[in-house]
Amino acid sequence: NMKETEHACMKTIVINSQKGGSGKTTLCAHLAVQAERAGDGPVYIIDTDPQGTLSTWHEYREDEAPQRVEIPLPELANGLQLLATRKAAYCFIDTAPTRTDENVALFRMADLVLVPIRPSPSDLWAAAATVALLKDAAIPFLFVLNQAKTNASITAQAAAALSHHGPVAQTFIADRVPYAAAMTDGRTAIELATKGPAAIETAALWQNIKTCLHANMQKSQKVKAHG
């Protein structure tokens, strides 16, 4: 039964951008909360960024879910296996912007790497470096246009430019004040306004990500079957 094996298998999602300020931690927190809200838990988060923004957010948080675990980088592979045996469904890992060697090691543990990109020229140029790393290691990834100006042609142009490098999530995350504002006391925009624009687009993005994971799984099963 396909459905059961899918649930038995934890998916690890690594969020990385080679550029600071891409909003990756905010995206990580919102997606982890969205996965729980969508009934796709148990969801775990791991913060490997020395700045520890995701950890701080979780400390301020009243709700236990998503659960946070602290695992030192050298023990991460074992830690993820342990989470899988504990019936975790998804694990989101936030990363430091640079630290290339460490990130490649993290990428290898991922079922999917999300690369948040702001639609600006310098962010698009920085994307090429991340893509080179991911393609070298043959790791599935998905670009997420983040902090996008709503209805701006620059966003559409950025999506078109990115699509030459790899797949781009259909849903763009708009530049909305509540995303960052809600984080300051351990919450997320989607919990403050459950029917608001942030909640709607975060839910849509989570659907995109699950579709992408499912497609990758079928691809790898085909490869195994033919291999």
Polar side chain donor-acceptor pair, Ser120 to Asp123, under 3.5 angstrom: yes
Min side-chain heavy-atom separation Asn146-Ile117 under 4.5 Å: no
Closest approach of Asp111 to Met10 (non-hydrogen atoms, all atoms of both residues): OD2-O, 3.7 Å
Test: Arg187 and Asp63 ion pair at under 4.0 Å: no
Main-chain N/O of Ala203 paired to Arg37 side chain as donor or acceptor, under 3.5 Å: no
Interatomic distance, Phe143 atom CZ to Ser17 atom OG [nearest 0.5 angstrom]: 10.0 Å
Heavy-atom closest pair, residues Ile45 and Ala32: CG2-CB, 3.6 Å
From Arg86 atom CZ to Cys91 atom SG, the distance as rounded to the nearest 0.5 Å: 11.0 Å
pair Cys28-His30: side-chain heavy atoms closer than 4.5 Å: no
Non-hydrogen atoms of Ile154 and Pro119 that approach each other most closely: CD1-O, 3.4 Å
Gap separating the CG atom of Leu114 from the CG atom of Asn16, nearest 0.5 angstrom: 10.0 Å
Exercise: do Asp49 and Thr95 side chains pair donor with acceptor under 3.5 Å: no
Nearest-0.5 Å distance that lies between atom OG1 in Thr155 and atom CD in Gln147: 11.5 Å
All side-chain contact (heavy atoms from CB on, under 4.5 Å) counterparts of Thr25, not counting sequence neighbours: Thr53, Leu54, Asp94, Met183
Arg176 vs Glu201, salt bridge (Lys or Arg N to Asp or Glu O under 4.0 Å): CA-CA, chis, key distance, verdict: CA-CA 11 Å; Arg176 302 184 193 280; Glu201 68 192 13; 3.0 Å; yes
Side-chain heavy-atom pair Asp136, Phe107 within 4.5 angstrom cut-off: no
For Lys149, all residues meeting salt bridge (Lys or Arg N to Asp or Glu O under 4.0 Å), sequence neighbours excluded: Asp175
Min side-chain heavy-atom separation Lys210-Lys11 under 4.5 Å: no
Asp47 versus Trp57, side-chain donor and acceptor atoms under 3.5 Å: no
Heavy-atom donor-acceptor pair, Lys135 side chain to Thr130 backbone, under 3.5 Å: no
Shortest non-hydrogen contact from Pro116 toward Lys24: CG-CB, 3.6 Å
side-chain contact (heavy atoms from CB on, under 4.5 Å) between Val33 and Thr202, worked out: CA-CA 10 Å; Val33 169; Thr202 304; over 6 Å; no
Polar contact flag, side-chain donor to acceptor under 3.5 angstrom, Glu191-Thr188: yes
Any Val131 side-chain heavy atom under 4.5 Å of Val115 side chain: no
Hydrophobic cluster membership, Val104 vs Ile139, 4.5 Å side-chain cutoff: yes
side-chain contact (heavy atoms from CB on, under 4.5 Å) partners of Pro72, counting only residues at least two apart: Pro74, Glu75
Within-4.5 Å side-chain heavy-atom neighbours: Leu106 and Leu73: yes
Distance in Å, Gln170 CD paired with Cys212 SG, rounded so as to fall on 0.5 Å steps: 10.5 Å
Over all atoms of both residues, closest heavy-atom pair of Ala159 and Val168: O-CG2, 3.8 Å
Heavy-atom neighbours of Glu59 CD exceed 12 at 6.0 Å: yes
Distance (rounded to the nearest 0.5 Å) between Ile93 CD1 and Met109 CE: 7.0 Å
Minimal non-hydrogen separation, Glu36 against Pro66, with atom names: OE2-CA, 3.9 Å
